[in-house]
2 protein chains.
Amino acid sequence: MSENRLQEAISTLKASGVRITPQRHAVLEYLLNSMVHPTADDIYKALEGKFPNMSVATVYNNLRVLREVGLVRELTYGDSSSRFDCNTSDHYHIICNSCGKIVDFHYPSLDEVEALAEQVTGFKVSHHRMELYGECEECQKEEKNKQKSG
Amino acid sequence: MSENRLQEAISTLKASGVRITPQRHAVLEYLLNSMVHPTADDIYKALEGKFPNMSVATVYNNLRVLREVGLVRELTYGDSSSRFDCNTSDHYHIICNSCGKIVDFHYPSLDEVEALAEQVTGFKVSHHRMELYGECEECQKEEKNKQKSG
DNA sequence: TAAACTATTTATAAAGATTATAATTTAAGA
DNA sequence: TCTTAAATTATAATCTTTATAAATAGTTTA
């Protein structure tokens, strides 16, 4: 089925000088055939039949490698702490890639996106969430100063 | 300054039958005066001067109570695992509130939102991320079946 | 094909965020 | 003031992810 994508992915890995181990091959193949955006633990459990001695660390290592090569995207939910916000009105957040600062940002509600999503996916949408990422003014200034002095 | 908001919030708590303890009062006050969307640990550290014996659990308990009453929103980043996705093209995700299933969803890039955000906040935006939440078709059906049989 | 080099895997422990438990304390109404 | 249920504290446990060091195994080169 996705044999082509698998071969392409392996070529990409080889071109990046990444070794093709059986475990790595299996993680990649599993991800390519999966439609459900599995967690690291999902993958670990799915492969433990074939690789009874495989360590969780191996799954994480391979996911990191695949991400670095650009073959896999990570949807982070578990890499930092929850944030708490007293502003309970609808708004979005813009987050600085450098210093982590979170700033509120208002924009008219994207009802249109919700409506289209309902049509396409059959979901009954309750709400949505959006975060913008970038570099805040302060960090931009610091960046410029570094370039000057450096 | 935000003395009014504090009094309002306390009224809301009392109306919900929630006790006003010194620790709870402090957490609430800190959140109302904070503009940076603090983590639970931020709050814990900020209050340990005033309450040297306070437990982290107290902070978490109070944040949960404040959330349940609707005074606080939680931006979850740390409540579940990362998800991994082989589809590295731009797309959004729609997530089922009941079963947790994640489905890809395509929509024209929201360049307009990014442009406005740059103007308003001064950030240099690199990318954005959006998730829609709702109930998938399967879970909607199950819900209907329950209502019939129940 | 064998040897060598180094990336990868494994096993284990550690870190960090959050929740659970049980005993003690305390807010708020009678 | 007394009472009672709720809240707090201290502690341990859970869960995800990362770090470390020793063992293993891909890949290149002779």
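Order of the sequence lines sets the chain letters (A, B, ...), proteins ahead of strands, with each chain counted from 1.
- Checked against A:Arg24 for a side-chain hydrogen bond (donor to acceptor under 3.5 Å, both in side chains), the options A:Asn62, A:Thr58, A:Asn61 give a single hit: A:Asn62.
- A donor and an acceptor atom, one from each side chain of B:His37 and A:Asp104, are located under 3.5 Å apart.
- In the set D:dT17, C:dT10, D:dA7, D:dT17 carries the atom at the smallest distance from any side-chain atom of B:Ser81.
- Contact between the side-chain N/O atoms of B:Asn61 and the OP1/OP2 oxygens of C:dT19 is not found at any separation under 4.0 Å.
- Residue contacts for A:Thr21: at a heavy-atom cut-off of 4.0 Å it reaches the sugar-phosphate backbone alone, with no base atom in range.
- One finds a side-chain N or O of A:Tyr60 lying less than 4.0 angstrom from the OP1 or OP2 phosphate oxygen of D:dT17.
- When heavy atoms are screened at a 4.0 angstrom cut-off, A:Pro22 is found touching the sugar-phosphate backbone but no base atom.
- Taking atom NE2 of residue B:His25 and atom C1' of nucleotide D:dA7, one finds them 16 Å apart after rounding to whole Å.
- B:Glu74 contributes no side-chain N or O that, together with a main-chain N or O of A:Ser82, makes up a donor-acceptor pair within less than 3.5 Å.
- Taking the nucleotide of DNA chain D with the nearest heavy atom to each of A:Val18 and B:Gln23, the more 5' of the two is matched to B:Gln23.
- Evaluation of atom-type donor-acceptor distances gives a pair under 3.5 Å for the side chain of A:Arg19 against the base of C:dT6.
- One can place CG of A:Leu63 at 14 Å from P of C:dT8, the figure rounded to the nearest angstrom.
- Residue-level contact check: B:Thr39 touches neither bases nor backbone, having no heavy atom under 4.0 Å from any strand.
- Here B:Ser80 lies out of heavy-atom contact (under 4.0 Å) with every strand.
- Across every non-hydrogen atom of B:Tyr92 and B:His128, the tightest pair is OH-NE2, 2.7 Å.
- Heavy atoms of other residues, nucleotides or ligands lying less than 6.0 angstrom from NZ of A:Lys101 number more than 12.
- Taking the side chain of A:Ser55 as heavy atoms from C-beta on, and the options C:dT10, D:dT9, D:dT18, the nearest nucleotide is C:dT10.
- When distances run from any side-chain atom of B:Arg24 to the nucleotides D:dT17, D:dT27, D:dA7, the shortest one goes to D:dA7.
- Distance CG (B:Asn53) to C1' (C:dT24): 13 Å, rounded to an integer number of Å.
- Note on B:Val56: nothing from the nucleic acid sits closer than 4.0 angstrom, heavy atoms only.
- Across the protein-nucleic acid pair, A:Arg64 atom CZ and C:dT9 atom C1' stand 12 Å apart, rounded to whole Å.
- Heavy atoms of A:Asp41 sit nowhere under 4.0 angstrom from any nucleic acid atom.
- In this structure, NZ of B:Lys45 is placed 11 Å from C1' of C:dA17, rounded to the nearest angstrom.
- Here the P atom of nucleotide D:dG26 and the CG atom of A:Asn62 are 13 Å apart, to the nearest Å.
- B:Ile20 has its CD1 atom 11 Å from the C1' atom of C:dA28, to the nearest Å.
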